[in-house]
Amino acid sequence: MCGIVGYVGDRQALPLLMEGLRRLEYRGYDSAGVAVIVDGALAVAKRKGKVRELESVLPAPGLPGTVGIAHTRWATHGEPSDANAHPHTDATGRIGVVHNGIIENAAELRRRLTADGVVFRSDTDTEVLAHLIARRTENSLVEAVRAALGQVKGAYGIAVIDAARPEAIVAARNGGPVVVGVGDGEMFVASDASALMGHARHVAHLDDGEIAEVRADGFSVLTLEGAETTKATQALEGEVAGFDKGDHSHFMQKEIAEQPEAVRRTLLGRLDHRFNTAHLGGIELAAREMLDIRRVKILGCGSAYYAGTLGAHLIETLARIPAHAEPASEFRYRNPVIEQDTLYIAVSQSGETFDTLAAIQEVKRKGGRVLGVINAVGSTIARECGRGVYLHAGPEVAVVSTKTWTSTAVAFALLALQLGRVRDMSAAHGARLLAALSALPDQIASIVAREAEVEPLSAILARADHAYFIGRSAGYAVAMEGALKLKEVSYLHAEAYPASELKHGPLALISPETPTLAIVPNDDLLAKNLSTIAEVRTRHGPVLAVTHEGVPLDGVEASFAVPKSEPELDPILLNIPLQLLAYQVARGLGRDIDQPRNLAKSVTVE
Ligand code: AGP
């Protein structure tokens, strides 16, 4: 949430900052701004709206200078406006601050500063910091920022520049991700290493409670208490191509199409045909430890929670370990019981979701062990967990998750297979699953290639104001994810319900105007699903179905059949048409597909 980028070196800062902002825009996109030190003074440009709006107000010659910071915002304190856009400055315009997070005692600090004669020009909590830093008298910027942060409560990732001390950017972290990027005679700061791909060679991740002084020739890190710390750097890996739409109209469309490759990478090196099992080295669990697991609890938010719901189903079905998923955002507020023999699994594509991080910290504080299922390598949650499974799905730029949902589901299938094979799953069952997993990429490709066949379903949904998505058992996880996808990108109201629960209330809302999309695999619950469809049809509700070939769907308005897999893996394929459906409906309605209103890719605030 909110993207930060900073540059100090001998190249012109502005083009690099703007490139970084374009890459980080998915973190927040209600306003954007940049500050560059030009001839000993701060030159600031900021604008409500997207990065392209900022581009339109930049002076034609640019902002000539080699030190600068920039920000793309997802508003918390103060509505999106030019004035509330970052960077914020002090009264003299010397100090520039960009911030991701929330300063909890901002109101109190604001009152004190106002009583001291400070005039505020924005409604943000961040502006407080600029004034606090400017009033410090320490000799160096890093000491001034450190002292100012001593007065602040809350969560932040910040970058600060001082026109009077142009040799460094100061960055600090307490709850908001900050990385330092190391280039050749130049250095970077960012909220997300992806902003630095193609420029920085190595990155160092700041930990909470650390502050860095970043100069063109290197960087040093202190704790907020002032103790020196050493930071290891890691090579920055990844492809710049992930941030380019290529021939696609939207990143969402591109990322749906990339799923065969993403799944191949998730599977790569993890299928053990010798023992008919999977091998996930990163989980660091010996067979004996796997045998000792009595329960699995999966924690994640939004799509990650829904993928975790399917994951719990896979683990319980294949490994016969009781497994349950819970929204990470709720978990820590109910004083959860943490058990030694429970395996906790945190799911997050970004690895930066605050609620998920806080849930992990609650588990660890009470002595529980946590594995991560994460896409972003080196992210905060990955480092907090210390062990787990990387998805290797590649960067996901569209705000809505598509390929990472699928790769997460595949990673859970691998984990369930590995856990199952140290328990009671037969080698023959393991071999069937390995074959089915290997077939997934081509099966997904065949669904994506039939995108046009989803159009009859999307045409019906696009005319509705409300829709139900129903499924049974693992199909309910698919229904939840499908409904969320439709809500996020099309802004239509879609509600997921367990098919079995429809008759316990929501049936009252079924009418010819309210379509129901049913997940109808050809499995042992088929007869039950067909009965539910009949109940909806009897109330004149239009029914759409995502199903398998050969399923008798009388009276259904439109349907799409996916290729058959092993029953446990069917939900992964049944979800793909729902992604296409959401995309088509949103496109038909002219929505901002990659950056839906009010959302951001990673939610790093509570
Ligand atoms: C997915 O389409 C959503 N944008 C959202 O629900 C997301 O899955 C959730 O915020 C969790 O994000 P994470 O995977 O980065 O932790």
Side-chain angles (χ1 to χ4, degrees), residues 255-268 270-271 278 280 298 300 303-319 323 325 347 349 373 375 389 391-393 396 400-418 420 429 432-450 454 469 471-485 496 517 519-523 525 546-549 560-582:
E255 287 157 6
I256 290 172
E258 282 174 346
Q259 290 180 109
E261 273 316 304
V263 168
R264 267 189 201 101
R265 284 196 300 270
T266 306
L267 294 174
L268 193 68
R270 290 167 166 170
L271 302 182
L280 294 165
I298 300 170
S303 286
Y305 161 55
Y306 298 145
T309 305
L310 175 56
H313 181 86
L314 284 161
I315 289 169
E316 191 149 327
T317 306
L318 295 175
V347 186
Q349 76 75 27
V373 175
N375 195 39
V389 185
L391 303 178
H392 303 304
E396 190 174 68
V400 295
S401 296
T402 51
K403 64 176 178 175
T404 56
W405 194 94
T406 303
S407 282
T408 303
V410 170
F412 272 115
L414 291 169
L415 180 61
L417 172 57
Q418 188 167 351
H429 191 177
R432 279 203 305 279
L433 286 167
L434 285 181
L437 282 164
S438 304
L440 284 177
D442 287 345
Q443 290 179 313
I444 294 170
S446 76
I447 298 170
V448 174
R450 290 166 48 218
V454 180
F469 279 53
R472 274 191 162 74
S473 192
Y476 177 48
V478 175
M480 289 195 288
E481 173 60 8
L484 178 67
K485 222 76 312 170
L517 188 141
I519 310 300
V520 196
N522 192 0
D523 61 11
L525 294 174
V546 175
T547 185
H548 289 126
E549 282 303 336
F560 184 99
V562 302
K564 190 77 184 77
S565 181
E566 287 296 314
E568 300 90 343
L569 304 183
D570 279 336
I572 296 172
L573 296 174
L574 289 161
N575 183 55
I576 309 288
L578 303 188
Q579 300 171 341
L580 296 166
L581 186 67

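Not one N or O on the side chain of E481 forms a donor-acceptor pair closer than 3.5 Å with the backbone of V478. Side-chain atoms of Q418 come within 3.5 Å of backbone atoms of L280 as a donor-acceptor pair (strictly under, hydrogens ignored). Between the side chain of T547 and the main chain of A561, no donor-acceptor pair closer than 3.5 Å is present. In this structure, the side chain of T309 does not engage the main chain of A325 through any donor-acceptor pair within 3.5 Å.
Not counting sequence neighbours, D523 has no partner by the salt bridge (charged side-chain N to carboxylate O under 4.0 Å, His left out) test. Shown here are the salt bridge (charged side-chain N to carboxylate O under 4.0 Å, His left out) partners of E261, two or more places apart in sequence or in another chain: R264. Remark: A304 engages V347 in a side chain to side chain contact (heavy atoms under 4.5 Å, CB included) (not counting sequence neighbours). With sequence neighbours excluded, no residue forms a side-chain hydrogen bond (donor to acceptor under 3.5 Å, both in side chains) with T408. Residues meeting the side-chain hydrogen bond (donor to acceptor under 3.5 Å, both in side chains) test with Q443, sequence neighbours left out: none. Under the side-chain hydrogen bond (donor to acceptor under 3.5 Å, both in side chains) criterion, H429 pairs with E568, not counting sequence neighbours.
Between A413 and L437, the shortest heavy-atom contact is CB-CD2, 4.0 Å.
Looking at Y476 and H313, their side chains never come closer than 4.5 Å, going by heavy atoms from C-beta outward.
No option in T404, V400, T402 other than T402 meets the side-chain contact (heavy atoms from CB on, under 4.5 Å) test with E255.
Under 3.5 Å, the side chains of S401 and Q349 contain no donor-acceptor pair of N or O atoms.
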